[in-house]
There are 2 protein chains.
Amino acid sequence: MTRKLPDKTVERLSQYRRALLNTLSGGKHHIFSHEIANLLHITAVQVRRDIMLIGYTGTLRQGYDVNELIDIIGKIIDTREGQKVAVIGIGNLGRAIMGYFSGKRTRLNIVAAFDSNPDKTDKIYAGVPCYHSDKMMEIIKNESISIAVISVPGEFAEKVAEDLTMAGIKGILNFSPKPLNMPAHVYLQEFDMLTMLEKVAYFVKKS
Amino acid sequence: MTRKLPDKTVERLSQYRRALLNTLSGGKHHIFSHEIANLLHITAVQVRRDIMLIGYTGTLRQGYDVNELIDIIGKIIDTREGQKVAVIGIGNLGRAIMGYFSGKRTRLNIVAAFDSNPDKTDKIYAGVPCYHSDKMMEIIKNESISIAVISVPGEFAEKVAEDLTMAGIKGILNFSPKPLNMPAHVYLQEFDMLTMLEKVAYFVKKS
DNA sequence: AAATTACTGTTATTTTAATAACAATGTTAA
DNA sequence: TTAACATTGTTATTAAAATAACAGTAATTT
């Protein structure tokens, strides 16, 4: 549809949408670029530029129609049919992820969780069934799950990623501290909290 | 000491160090830039450039001395005295963070956790005492804790951040989906998993 | 009705990050 | 001994992101 948007713009679109949904439930139907900017603590130019990139245009002196903007963003970042997500590893982190998502109305559905510990499998967490890892490849394939969140300890991340790739996964969000290597057709986002905490420590030290 | 390094270089330094510690425990004492690069799945030039920026130099044809490099990175990202960290919000996420850290790093110590639920307070999690939020400001001040990890639900994040600021915090890692606004002297790193998952979904859709 | 104001949308510039190019040099091979 | 090689360190170039500058315009004020 639209040509590929800049990475950072996509991140902000997700945040705009959440902020706008909030705005809407507060009964506000129009919003200025500088108001959106304030909600996210960024600049108004940045907001207008992002909105320009997705091809929406507001009205002068009235700003943007909140509903329309939410819709447009949805058309860009959601698929019509929705996408299925699996969470691999039901430790604290895995459960946190599922908790964050449960009830959030979105086109991203967490439909399965996996763990290698039999005490944790065959149960429901935040509405999501947890299966044993042995069944992972099969279920991913059969259910055509396209996105996986890896929240297993570092030692297992690589093996999990390989299996996921073989099962045909399309995108991975990797919370483990082990950097992964994926074939080009699998989109990989690393998300490493140890690194981020050390980074904060560094900049605190500097300032 | 060194002048301020680029953001991304700092992130990678943290990852280099972890990879190098691994290498070392595997009994390897020298390493080439392309080997480090392979561990992180980035390019060798990137590695050499980062190492150049921190002012370390390897030896031709032998590569880098693993111990020395670990030390140098430590001098850059750690402080001599160490830094104290608090985790605010002991849900699944908070516990995941503490679990990841326990035992891992000596210079970055999680020394306190806080929660507003009395069922969770006055207990030890992963070796860290959890206090009631009422005591947060006092303890942060008295213990001179400089870094906070916010893992409370979005609704509470803003208030927590304000209190932390007043208590004199220097850096914040914000896991909540609510974007925060901090005075310039507080270093803020947002870390929003919903955004990241939606981003993965977008790029999966595009490819 | 003219000037001013408060916005949007777009282009231009700057900054930051990544990549490429290559010079320097000790090591090995011929 | 000379040529080829493997590796580092650095500068040059390109790409991505953020910021600044500004043109356009409907509403409001004078």
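Labels below follow one simple rule: chain letters A, B, ... track the order of the sequence lines, proteins then strands, and each chain is numbered from 1.
For the pair Thr23(A) (side chain) and Lys28(A) (backbone), a donor-acceptor distance under 3.5 Å is absent. The main-chain N or O of Lys120(B) is found under 3.5 Å from a side-chain atom of Tyr125(B) such that the two form a donor-acceptor pair.
Taking atom CD of Gln62(A) as the reference point, atom P of dC7(C) lies 12 Å away to the nearest angstrom. Protein atom CG of Asp50(A) is 14 Å distant from nucleotide atom C1' of dT10(C), rounded to whole Å. If you measure from atom CG of Leu53(A) to atom C1' of dT11(C), you get 13 Å, rounded to the nearest angstrom. Atom P of nucleotide dG9(D) and atom OH of Tyr56(B) are separated by 9 Å, given to the nearest angstrom. Distance Ile31(A) CD1 to dT8(C) P: 10 Å, rounded to the nearest Å. We find that NE2 of His34(B) is positioned 17 Å from P of dC5(D), with the value rounded to whole Å. Between the P atom of dT8(D) and the CZ atom of Phe32(B) lies a distance of 7 Å, rounded to the nearest Å. Remark: C1' of dT10(C) and CZ of Arg48(A) are 10 Å apart, rounded to the nearest angstrom.
Using cut-offs of 30° and 60° for the angle between ring planes, the Tyr131(B) and Phe114(B) rings count as tilted. Between Tyr56(A) and Tyr64(A), the ring-plane angle classifies as tilted under the 30° and 60° cut-offs.
Under the salt bridge (Lys or Arg N to Asp or Glu O under 4.0 Å) criterion, Asp71(B) pairs with no residue, sequence neighbours left out.
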Just the atom pairs and distances: protein N or O near nucleotides 16-19 of chain C's N or O, under 3.5 Å.
{"residue": "dA18(C)", "atom": "OP2", "partner": "Arg12(B)", "partner atom": "NH1", "Å": "2.9"}
{"residue": "dA18(C)", "atom": "OP2", "partner": "Arg12(B)", "partner atom": "NH2", "Å": "3.2"}
{"residue": "dT19(C)", "atom": "O4", "partner": "Arg49(B)", "partner atom": "NE", "Å": "3.1"}

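Residues Asp7(A) and Lys199(B) are paired through a salt bridge, judged by an N-O separation under 4.0 Å between the basic side chain and the carboxylate.
Taking only side-chain atoms of Met52(A), from C-beta outward, the nucleotide of dT8(D), dT8(C), dT10(C) with the closest atom is dT10(C).
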